[in-house]
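Following: one structure in structure tokens, then a few remarks.
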Amino acid sequence: MKKKDDKPAALDHALYEVEMLVHALLALCRPDISPRDGSGWLEVFATHARNLNEFFAPKDFGGAYMKPSHFVAWTHSYVFDTDLARRASAQVSHLTYDRERPEEKTSWPFERHFKSLREPALVFLKEVRQQESLMAYHANRMRTEALLEVLPKLRFEGDPA
């Protein structure tokens, strides 16, 4: 079977992207995180945020890229974040001259990026949860349910209770 035709196994990878986005966000919010660990977790967050940004985007990145519509009927409106894509690629994933010097470092808007990806992730997870053929693979059901539990609970300073 072609990998593209094995939707339950492909979903395993989509779930991993959401799990790692959450895991990296929680690590970055630790008050005692060292600068070196912070840099590493920033890279993890940026990579998975970029991947999910592409996943949910209405534009087509090519036949090998997964899209929500490969799994479920997808009508959710998502606006591709070009700044996230550019910055994650140019300053994290690729060795470019666009990287900031130590004295130029600007903070990443983790909260904004996370919040923009949370809603489409929740919509996607709720939809795939209804597809028994997708849930029967490996630990897809358990992981989907865990993400549906944790994503809405993540709050930031200033969020309503």
Mind jotting down which residue pairs meet the salt bridge (charged side-chain N to carboxylate O under 4.0 Å, His left out) criterion with at least one end in residues 13-22? Sequence neighbours excluded, please.
E19-R143
Q130 and V72: side-chain contact (heavy atoms from CB on, under 4.5 Å), yes or no, with the steps?
CA-CA 9 Å; Q130 305 304 316; V72 295; over 6 Å; no
Checking L15, L134, V18 against T144 for side chain to side chain contact (heavy atoms under 4.5 Å, CB included), the one that qualifies is L15
Got a second to check how far S69's OG is from E127's CD, nearest 0.5 Å?
12.5 Å
Which residues share a ring pair (Phe, Tyr, Trp, His ring centres under 6.0 Å) with H76, sequence neighbours left out
W74
So the salt bridge (charged side-chain N to carboxylate O under 4.0 Å, His left out) pairs with at least one residue in residues 67-91 (sequence neighbours excluded) are D81-R112, R87-E100
Could you give the distance from CG (L25) to CZ (F110), rounded to the nearest 0.5 Å?
8.5 Å
Verify same cluster id: L26, L147 (apolar side-chain graph, 4.5 Å)
yes
Provide the full list of salt bridge (charged side-chain N to carboxylate O under 4.0 Å, His left out) pairs with a residue in residues 133-142, sequence neighbours left out, each pair given once.
E132-R141
Between the SG atom in C29 and the CZ atom in F156, the distance rounded to the nearest 0.5 Å is 6.0 Å
Excluding sequence neighbours, so at least two apart, what forms side chain to side chain donor-acceptor pair (under 3.5 Å) with N140?
none
Looking at P8 and S133, what are the two nearest heavy atoms and their distance?
CG-O, 3.3 Å
Do Y16 and M66 belong together in a cluster built from hydrophobic side chains that touch within less than 4.5 Å?
yes
Contacts satisfying salt bridge (charged side-chain N to carboxylate O under 4.0 Å, His left out) that involve residues 31-59 (not counting sequence neighbours) are R30-D32
Who pairs with A146 by side chain to side chain contact (heavy atoms under 4.5 Å, CB included), at least two apart in sequence or on another chain?
none
Applying the 4.5 Å side-chain criterion to the ILVMFWY set and letting contacts propagate, would F55 and L148 be lumped into a single cluster?
yes
Could you name each residue pair satisfying side chain to side chain donor-acceptor pair (under 3.5 Å) that touches residues 145-156, not counting sequence neighbours?
R129-E145, E149-K153
Rounded distance (nearest 0.5 Å) linking atom OG of S89 with atom CG of L84
8.5 Å
Scan for ring pair (Phe, Tyr, Trp, His ring centres under 6.0 Å) pairs involving residues 79-99, sequence neighbours excluded, and state none if there are none.
F61-F80
Check the surroundings of atom NE2 in H70: do more than 12 heavy atoms from other residues, nucleotides or ligands lie under 6.0 Å from it?
yes
In terms of heavy-atom contacts, V44 and A24 come closest through CG1-CB, 3.6 Å
Evaluate side-chain contact (heavy atoms from CB on, under 4.5 Å) for Y78 paired with N53, printing each intermediate quantity in order.
CA-CA 9 Å; Y78 177 77; N53 184 43; 2.6 Å; yes
Going by ring pair (Phe, Tyr, Trp, His ring centres under 6.0 Å), name the residues that satisfy it together with H23, two or more places apart in sequence or in a different chain.
W41
Any donor-acceptor N/O pair, K4 side chain to G63 backbone, under 3.5 Å
yes
Where A88 and A46 come nearest, the two heavy atoms and their spacing
CB-O, 3.7 Å
Over all heavy atoms of both residues, which pair between A27 and I33 is shortest? Give the atoms and the distance, please.
O-CD1, 3.3 Å
Using distance only, find each side-chain donor-acceptor pair of residues 114-125 under 3.5 Å and give its atom names and separation, not counting sequence neighbours.
residue, atom, partner, partner atom, Å
K115, NZ, E111, OE2, 2.8
K115, NZ, D159, OD1, 2.7
S116, OG, H113, O, 2.9
R118, NH1, L151, O, 3.0
R118, NH1, L154, O, 2.7

For E104, all residues meeting side chain to side chain donor-acceptor pair (under 3.5 Å), sequence neighbours excluded:
R101
Take a 6.0 Å sphere around CD of E157 and say whether it holds more than 12 heavy atoms from other residues, nucleotides or ligands.
no
Could you go step by step and tell me if Y137 and L11 meet the side-chain contact (heavy atoms from CB on, under 4.5 Å) rule?
CA-CA 9 Å; Y137 180 82; L11 178 61; over 6 Å; no
